[in-house]
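This report refers to the structure that appears directly beneath it.
Keep in mind that the numbers below use all heavy atoms, side chains included, and drop hydrogens, waters and symmetry copies. Chain naming here is simple, since letters A, B, ... match the order of the sequence lines and numbering starts at 1 in each.
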Protein chains: 2
Amino acid sequence: MKENKLSIKDIARLAGVSVATVSRVINQNGRFSKETERKVLDIIEQYNYRPNELARGLRVHKAQVIGVIVPDITNEFFAHIVKKIENELIKKGYMAIICDTNDEVELEGEYIEMLKALQIGGIIYVSGDQKIKPIENIPAVYIDRQPNFADSQHFAAFIGSDNRQGGYIATKRLLEAGKKKIAIVLQNKAIATQEYRLNGYIQALKEAGQAYDESLVRRVDFVNEEQGYQATRYIYEEIHDVDGIFYSSDRLAVGGLKFFYDRKISVPEQIAVIGFDDIPQCTQVIPNLTTVHQHYMEFGELAADTIIRMIHSDTGYSKHILPVELVERETV
Amino acid sequence: MKENKLSIKDIARLAGVSVATVSRVINQNGRFSKETERKVLDIIEQYNYRPNELARGLRVHKAQVIGVIVPDITNEFFAHIVKKIENELIKKGYMAIICDTNDEVELEGEYIEMLKALQIGGIIYVSGDQKIKPIENIPAVYIDRQPNFADSQHFAAFIGSDNRQGGYIATKRLLEAGKKKIAIVLQNKAIATQEYRLNGYIQALKEAGQAYDESLVRRVDFVNEEQGYQATRYIYEEIHDVDGIFYSSDRLAVGGLKFFYDRKISVPEQIAVIGFDDIPQCTQVIPNLTTVHQHYMEFGELAADTIIRMIHSDTGYSKHILPVELVERETV
DNA sequence: GTGAAAGCGCTAACAT
DNA sequence: ATGTTAGCGCTTTCAC
């Protein structure tokens with residue numbers, strides 16, 4: 001394993017200038033002539049030189065790397081967000097370290113420690129735990145779930161959807177379809193997004209003159225099809241006459257659809273279903289899932305953009321609440 | 001538990017020893033007494049010190065970071081592999097930089113350059129392009145697709161499935177179900193996996209006394225449901241009497257199922273379908289997809305393990321071919 | 001068993 | 001406009 005890598009010193013020698021000059025043209029810091037620039041750039045090109053990022057990072061106390069914390073990359077919703085973040089970051093010369101926490105808070109802590117040791121420039125939290133402590137001295141943007149402290153702290157930005165509105169329009173749609181007893185299934189965690197959606201649900205009910213019945217809310221530990229299936233089974237078997245269900249995630253709703261298929265219950269005739277997120281899978285299930293669309297593709301883009309701006313200190317705290325939209329398909 | 005950044009110098013001062021000694025106990029390089037060890041470890045614990053990975057990496061010419069190149073993280077198959085790799089790597093103290101190439105070879109090159117600049121310790125290629133050049137001086141493990149040079153090169157390992165066998169058992173199963181005219185849909189790239197599966201298909205046909213008919217193979221540019229849908233439509237409308245289709249990916253097959261549903265063609269009665277990979281989605285579609293199971297969960301684990309061993313020079317070239325299994329469900 | 005000191009490859013302050 | 005040089009925080013000889 002030969003180490004024939006060139007250093008800035010070699011380039012300086014080859015170009016007949018000092019390392020400082022080479023560094024200046026690489027970083028375009030001015031104070032060099034057009035002529036030297038060409039000379040240096042030529043050598044760099046010719047030898048295919050790339051500065052050692054580790055050395056640079058060590059010197060400037062910051063790596064061109066962003067940590068991305070995500071609860072589960074196999075969830076299509078998160079996968080798309082992460083992919084967007086990553087693709088956007090690379091354009092700006094940054095790399096992304098993806099940290100899949102399996103929804104375990106302890107793992108999250110360990111990841112943060114390692115990221116800090118790597119001197120990362122910033123952190124993007126995709127749907128992280130609500131109760132995390134702020135990370136000192138490191139710019140952070142939170143997607144989907146806003147941590148409790150984020151309002152006040154510097155170096156923290158938030159990007160998310162109008163979840164209350166989402167819960168509201170979903171429920172209202174079910175009501176308009178003539179459904180009388182609407183259940184809701186949520187994730188069983190202290191997550192503000194879930195409570196906002198619940199609030200929207202409650203408000204829609206109230207406007208329709210229905211009282212909020214707590215026995216109609218079912219919570220699951222994890223967001224996946226299996227849990228959606230089980231929750232639906234519970235609702236169907238233990239609560240009677242439910243004719244509409246609002247799921248706080250498409251994956252959950254897909255599980256529900258499976259249950260209704262197995263039991264030969266017709267959707268939306270006997271029971272109407274509505275999801276949340278609008279993942280591609282919505283149009284692959286049968287019947288196609290009616291859902292609340294989140295602009296999650298924009299989450300990633302916005303997050304990448306924001307974190308870079310924060311690193312360059314072009315901006316401090318910011319907050320983006322994106323609108324949601326009902327997308328009509330076949331389950332209501 | 002102060003969060004201010006301490007350096008090894010501070011720890012040395014606090015513990016009343018030299019930086020060399022601190023470094024020795026951190027890396028457990030011996031040549032220190034039990035007593036000093038305790039002292040140093042106490043201080044480290046007390047101040048919650050973590051060595052700067054950038055400095056360490058610069059010094060040893062290698063970061064505790066592995067690059068992971070993957071064509072599309074939103075493909076559940078890849079997402080699971082990547083997640084496993086990542087979770088396994090973290091246990092060994094390594095971080096993973098995920099590089100989603102969108103199946104674009106040019107992007108792949110750019111990623112490699114950046115990874116090299118970061119002095120990564122190794123690269124794991126998940127289903128990368130077949131025609132990539134070997135990466136010099138960096139251990140690499142290739143999952144799923146074996147590059148053309150990998151046989152010979154040092155520092156390259158391969159992990160994949162017995163694809164020929166997969167194509168063979170899938171086709172044979174279709175034949176056993178009494179299907180007479182079996183089409184195959186593959187990815188339209190110079191990928192050995194695809195050709196192996198095709199070979200298995202051809203062999204099964206031959207054993208059944210059927211001639212290989214090239215008009216029965218349909219190729220798609222990308223592996224997603226939409227392309228599966230289109231390919232299926234083509235097969236159905238342009239080729240007559242096809243009563244079985246073998247898709248080289250579950251995602252493609254899922255798209256096919258959608259097409260048959262839309263056209264009210266009953267599966268498996270009128271046409272039988274079989275996929276490849278065995279992603280979780282197989283049991284969420286209706287009818288549940290019969291498929292060829294790849295042990296892809298083990299891919300990730302094996303890859304993480306192998307790359308670390310290669311970095312420690314415990315092993316050179318290696319090759320793991322995992323068996324595949326037919327999993328019977330409802331589409332044949 | 002322990003410490004002093006020389007870098008790793010780079011940037012930036014300070015000269016010139 | 002360009003060069004010299006002092007570190008960034010760490011590992012690793014080489015002395016003792």
Side-chain angles (χ1 to χ4, degrees), chain A residues 1-41 43-44 47-65 93 114 116-121 137 312, chain B residues 4-41 43-44 47-65 93 114 116-121 137:
Chain A
M1 199 122 110
K2 245 176 57 177
E3 291 294 343
N4 51 350
K5 265 206 172 319
L6 297 188
S7 79
I8 195 169
K9 238 178 191 157
D10 301 311
I11 300 299
R13 191 170 31 76
L14 259 12
V17 298
S18 73
V19 293
T21 301
V22 176
S23 175
R24 287 196 195 97
V25 346
I26 288 175
N27 298 296
Q28 290 292 304
N29 276 342
R31 282 171 300 169
F32 51 80
S33 67
K34 253 313 174 233
E35 196 180 354
T36 19
E37 180 179 17
R38 257 195 22 74
K39 212 163 44 183
V40 172
L41 255 22
I43 298 290
I44 288 180
Y47 288 87
N48 196 27
Y49 165 75
R50 284 285 283 237
N52 181 329
E53 260 304 312
L54 252 33
R56 206 198 133 273
L58 176 60
R59 183 57 232 235
V60 305
H61 297 281
K62 198 157 292 179
Q64 296 265 68
V65 174
M114 296 194 64
K116 280 158 93 172
L118 260 178
Q119 315 298 115
I120 50 149
N137 305 327
H312 298 337
Chain B
N4 287 349
K5 276 221 175 101
L6 298 188
S7 80
I8 196 170
K9 237 179 192 158
D10 301 311
I11 300 299
R13 191 169 32 74
L14 258 13
V17 299
S18 73
V19 293
T21 301
V22 176
S23 175
R24 286 197 195 96
V25 349
I26 287 175
N27 299 297
Q28 290 292 305
N29 276 343
R31 280 170 301 171
F32 51 79
S33 66
K34 259 289 173 254
E35 195 180 353
T36 5
E37 180 180 17
R38 269 245 52 75
K39 214 162 42 181
V40 171
L41 254 23
I43 298 290
I44 287 180
Y47 288 87
N48 195 27
Y49 165 74
R50 284 284 286 236
N52 181 328
E53 259 305 311
L54 252 33
R56 206 198 72 82
L58 176 59
R59 185 57 231 239
V60 305
H61 297 282
K62 198 160 292 178
Q64 296 265 73
V65 174
M114 295 193 66
K116 280 160 93 170
L118 261 177
Q119 317 296 117
I120 50 149
N137 303 328

Tell me whether the side-chain N/O atoms of B/Tyr49 come closer than 4.0 Å to OP1 or OP2 in D/dC10. yes
What integer distance in Å separates [X]:[atom1] from [N]:[atom2]?
X: A/Lys39; N: D/dA1; atom1: NZ; atom2: C1'; value: 11 Å
X: B/Leu54; N: D/dG7; atom1: CG; atom2: C1'; value: 15 Å
X: A/Lys62; N: D/dG9; atom1: NZ; atom2: P; value: 13 Å
X: B/Glu53; N: D/dG9; atom1: CD; atom2: C1'; value: 11 Å
X: B/Gln64; N: D/dC10; atom1: CD; atom2: C1'; value: 13 Å

Show the nearest heavy-atom pair for residues [X] and [Y], with the distance to one decimal.
X: B/Ala12; Y: B/Val19; result: CB-N, 3.6 Å
X: B/Pro51; Y: A/Ala117; result: O-CB, 3.6 Å
X: B/Ala55; Y: A/Leu58; result: CB-CD1, 3.7 Å
X: B/Ile43; Y: B/Leu14; result: CG2-CB, 3.7 Å

Show your working on side chain to side chain contact (heavy atoms under 4.5 Å, CB included) between B/Ile44 and B/Ile26 and close with a plain yes or no. CA-CA 9 Å; B/Ile44 287 180; B/Ile26 287 175; 3.8 Å; yes
5' to 3' contact window, DNA chain C with chain B (heavy-atom distance under 4.0 Å):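 Counting from the 5' end, contacts occupy C/dG1 to C/dG9.
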With DNA chain C as reference, determine whether B/Arg59 or B/Ser18 sits nearer its 5' end, using the nearest nucleotide of each.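 The residue whose closest nucleotide sits nearer the 5' end is B/Ser18.
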Of residues 21-29 of chain B, the positions that come close to DNA chain D - non-hydrogen atoms, cut-off under 4.0 Å: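 Correct list: B/Ser23, B/Arg24, B/Asn27, B/Asn29.
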Can you tell me which residue pairs pass the side-chain hydrogen bond (donor to acceptor under 3.5 Å, both in side chains) test with a partner in residues 13-22 of chain B, sequence neighbours excluded? B/Asp10-B/Arg13, B/Ser18-B/Thr21
Please list all pairs meeting side-chain hydrogen bond (donor to acceptor under 3.5 Å, both in side chains) that have one or both residues in residues 47-65 of chain A, counting only residues at least two apart or in different chains.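 Matches after skipping sequence neighbours: A/Gln64-A/Tyr94.
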Would you say the side chain of A/Val40 lies within less than 4.5 Å of the side chain of A/Val17, judging by non-hydrogen atoms? yes
The criterion is side-chain contact (heavy atoms from CB on, under 4.5 Å); which residues satisfy it with B/Asn29, sequence neighbours excluded?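 B/Asn27.
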Could you name each residue pair satisfying salt bridge (charged side-chain N to carboxylate O under 4.0 Å, His left out) that touches residues 18-35 of chain A, not counting sequence neighbours? A/Lys34-A/Glu37
Answer with base, sugar-phosphate or nothing: what part of the nucleic acid does A/Val17 contact at a heavy-atom distance below 4.0 Å? sugar-phosphate
Side chain to side chain contact (heavy atoms under 4.5 Å, CB included), that's the test. Do B/Val25 and B/Thr36 meet it? Break it down for me. CA-CA 9 Å; B/Val25 349; B/Thr36 5; 5.8 Å; no
Nearest-nucleotide comparison on DNA chain D, the residue closer to the 5′ end among A/Val60 and A/Ala20: A/Ala20
Using rotation axes that map the C1' atoms of four end pairs onto the next four (five pairs an end), what angle separates the end axes of the helix from C/dG1-D/dC16 to C/dT16-D/dA1, to 10°?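 Taking five pairs per end, the axes differ by 40°.
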Pairwise distance CG(A/Leu118) to CG(A/Leu54) - rounded to 0.5 angstrom: 8.5 Å
Nucleic acid contacts of residues 7-15 of chain A, taken as heavy-atom distances under 4.0 Å to DNA chain C: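 Residues of residues 7-15 of chain A that come under 4.0 Å of DNA chain C are, in numerical order, A/Ser7, A/Ile8.
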Which of residues 30-37 of chain B have a heavy atom under 4.0 Å from DNA chain C? B/Arg31, B/Phe32, B/Ser33, B/Thr36
